[in-house]
Novice: 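My questions will all concern the structure given below.
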Amino acid sequence: MSDAIAYERVGDIAVLKAQNPPVNALGYDVRVGLVEGIERAEADEGVRAVLIYGDGTTWFAGADIKEFGKTPKEPYLPDVCNRIEACPLIVVSAMHGTALGGGLEIALSTHYRVAVPKARMGLPEVHLGLIPGATGTQRLPRLTGVPAALDIVTSGRQFGAKEALELGVIDKIEEGEPREIGLAYARELLESGASRRAVSELAAPEAIDFDAAYETALKKSRGQLSPAYGVRAVQAACELPFAEGIAKERALFMELMQTDQRQGMIHAFFSERAVSKLPELKGVEPRDVSAIGVIGGGTMGAGIATAALLAGLDVVLIEMSAEAAEAARGRIEGNLQGALKRGKIDQAKFEHLTQKALTPATDYEALSDVDLVVEAVFEEMGVKKDVFTKLDKVCKKGAVLASNTSYLDVDEIAACTSRPEDVIGLHFFSPAHVMKLLEVVVADKTAPEVVATGFALGKKLGKISVRAGVCDGFIGNRILKTYRTAAEHMVLDGASPYQIDKALTDFGFAMGPYAVADLAGLDIGWATRKRLAPTRDARERVPTYADKLCEEGNFGQKTGKGYYIYEAGKRAGVPNPEVMELIEAERKELGITPREFSDEEIVRRYMAAMVNEGAKVLEEGIARRPLDIDMVFLFGYGFPRYYGGPMKWADIVGLPGLLDDIKSYAEEDDYFWKPAALLEKLVAEGRTFDDMNKAAS
Ligand code: 3H9
């Protein structure tokens, strides 16, 4: 018998234990073992019931994702499910941990299900660009009805044991070890004379308006196909006999398996886990962090403080005056109110966090005991240096001194302290208690355990932490600056900011660059342009129309006017007509005859700029692996997850074509469009960015 499933006989019950760490994924050996286990139980004289449970931390967490993209090997998972259900003995699941995807589908194929109170379940396949492909879309609606099944299949959300019981997904909740509660339940069923109960034999569920549900799913997922496919699969459960329904489900599943979206989303899944695994940190212990200081209580500082408080850290928040400190407290309380409303914390916790764990102060001496400080003050080198000089004086030995700068040179900041080895960049994204990305910026002299501490803090705060080297803008903002410039060139040459925003949201971005700029505040880009102006090369094309907007005090959403005009209370704006007037005037001044841009060309140029700069960032070692760049864009810049990130997107569309495009753009502007040497090298060698990821892992 396959080692992945152990067989044990306990009286008249055959016990199948899954032992495929870390998550009991349903790889080939597990599938073989389950079929063999069922066959052996059937042949084992005196056995009247079969119990299935998982060893270690979880029930089956799903199909083995590593097998996807390879030729599937029999027995296929849907056949394993059907084989289990067809068993004439009573088959019981005892679930703990996370019963996800194929794992839940196995459970639905057994005849009875018991789970521990903390068990979680779900059909998360849509997050991998797929749908449940092992009968889940046919069995689940027969138990829960169509609306609940559609919600579970199209959202991929997890739900707890209590909800599962209410929905009819499980039969019982029991505290205890899975083996023991499973055995007790199996005995109870045998003693009560319960019979085998097959979900596939239940009546087909009642249909709803599936065309409308399909359209809703398509719209909600912004270009991602799998949720809409999920609707069609559930529809089959209503309209077709079970055997035909699973054939339809399989066909839809296999179709999605061939898509770029599946590739992109699985790349995202593994990259999300690989991103914080740094070879250089193997065996390096992070320093203990239980109390942190935050300098500056504006939106960013308050967001960082909120995230830290929610993660159980004590926070000392430093502001310049008592009034500013109180205002910062108000901001943090506002953020925590949100957490309270959403049920993330209760009233007692809210009071503890705001009254005990948070200490607003104006004196740097209050930081003498904290383990780590994040500076989130005004983005100007002089101001930062002043803060770090003070921190150097008051912070205890071994405290980590972090800057939340988005662009500035962390080496230069570190140099104004007597302990540059303790200095690091921790670049949060606003609002910091919501956004998942953290760039851990490693300066020249940063000690490895300080880097490890940055990553450990990121994990505690629930962030996706990415290692970045020092350069203007690190990984994300440096690449952003380049593709924003490509967009600005298109605006000068004939596209409008609104056409660009639309082309990119159609592509799948959460927002277009101009709507993002309005949200972030146009004053930020303005300040950067002014900062860089003295060293700017004369060949650089930088439009001035946005400066004119700023000169009039139009900074985007916060002033009600920027590229768009925002009505009070509304987040989405309407195009600001003054913008086109300013652009047209500038084109005239520069003697540019505007030309048409297709949406396709807009996306192609924008993405080419992004990928080319990404390749340069890799060349320079600012990002170590292409997947690091991908994760920055997925978690910090609203890049569509189903492409896996810009570098994965480039692999999917093909590097040679992209390089050709860049070379053709360089014929118009050879200052801006310089093909990255790394891109040329990969194309010459017939390699991809993903090959670089593999080589680095
Ligand atoms: C499916 O089931 C399709 C079927 O409908 C039809 C098929 C025909 N496979 O996340 P962690 C690895 S699709 C392979 O760090 P946690 C993971 O890469 C599947 N490997 O732990 C990591 O490896 P490493 C539907 C997997 O405790 C290690 O396990 N199921 C799989 O934070 C630990 O993972 C899902 O989508 C897998 N299925 O979270 C569930 N799952 O140590 C996906 C994990 O080398 N998994 N690994 O980095 C999860 O959501 C989380 O891993 C889980 C544990 C919640 C289970």
Side-chain angles (χ1 to χ4, degrees), residues 4 18 20-31 34 54 56-83 95-109 118-140 149 152-160 226 229-230 233-234 246-247 249-258 261-263 265-279 282 459-460 462-465 627 631 641 693-694 697:
N20 186 29
V23 297
N24 284 320
L26 287 148
Y28 171 72
D29 290 341
V30 181
R31 298 197 303 275
L34 280 170
T57 55
T58 185
W59 173 262
F60 311 96
D64 187 341
I65 303 170
K66 293 194 184 90
E67 289 181 355
F68 292 173
K70 301 179 186 152
T71 312
K73 260 165 86 179
E74 289 188 83
Y76 304 137
L77 198 52
D79 299 335
V80 176
C81 289
N82 291 334
R83 178 65 187 89
M95 301 148 82
H96 78 300
T98 40
L100 300 176
L104 183 57
E105 292 172 301
I106 290 278
L108 295 176
S109 307
K118 281 202 173 136
R120 305 209 36 92
M121 27 210 109
L123 293 172
E125 285 86 344
V126 287
H127 299 312
L128 301 171
L130 293 166
I131 58 166
T135 73
T137 63
Q138 306 304 296
R139 286 198 165 94
L140 185 69
I152 290 167
V153 169
T154 60
S155 72
R157 74 178 175 92
Q158 285 187 18
F159 48 94
S226 50
Y229 273 53
V234 172
I246 53 176
E249 176 197 80
R250 184 85 184 155
L252 291 167
F253 177 84
M254 294 310 283
E255 210 180 295
L256 286 170
M257 192 58 106
Q258 305 311 318
Q261 293 198 355
R262 189 273 302 164
Q263 265 199 64
M265 292 191 87
I266 288 184
H267 171 77
F269 177 87
F270 285 117
S271 301
E272 206 177 303
R273 284 159 178 81
V275 73
S276 55
K277 287 184 189 144
L278 302 186
K282 252 200 180 145
K459 190 165 180 208
K460 216 176 223 174
K463 305 290 176 206
I464 299 289
S465 307
L627 71 85
M631 293 308 99
R641 188 178 173 91
N693 288 325
K694 285 186 190 121
S697 68

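Keep in mind it's a predicted model, so treat the numbers as computed, not measured. Counting starts at 1 for both ligands and their atoms, following the listed order.
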Novice: Could you tell me which residues satisfy side-chain contact (heavy atoms from CB on, under 4.5 Å) with Met121, sequence neighbours excluded, listed by chain and number?
Specialist: Met95, Ala99, Leu104, Ala115, Ala119, Phe159, Ala164, Val169, Ile170

Novice: Which is it for Arg641 and Met265 under the side chain to side chain contact (heavy atoms under 4.5 Å, CB included) test, yes or no, and what are the steps along the way?
Specialist: CA-CA 6 Å; Arg641 188 178 173 91; Met265 292 191 87; 4.1 Å; yes

Novice: Check the side chains of Thr98 and Thr58 for a donor-acceptor pair under 3.5 angstrom, ignoring hydrogens and angles.
Specialist: yes

Novice: So Ile266 and Ile65, do their side chains get closer than 4.5 Å, heavy atoms only?
Specialist: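 Yes, side chains in contact.
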
Novice: Under a 4.0 Å heavy-atom cut-off, which residues neighbour ligand 1?
Specialist: Pro22, Val23, Ala25, Ala61, Gly62, Ala63, Asp64, Ile65, Lys66, Phe68, Leu77, Thr98, Leu100, Gly101, Gly102, Glu105, Pro124, Glu125, Leu128, Pro132, Gly133, Ala134, Arg250, Phe253, Phe269, Phe270, Arg273, Lys277

Novice: Can you list every side chain to side chain donor-acceptor pair (under 3.5 Å) pair that touches residues 61-74, not counting sequence neighbours?
Specialist: Arg31-Glu67

Novice: How would you list, by chain and number, every residue that makes a side-chain contact (heavy atoms from CB on, under 4.5 Å) with Phe253, sequence neighbours excluded?
Specialist: Leu130, Ile131, Arg250, Met257

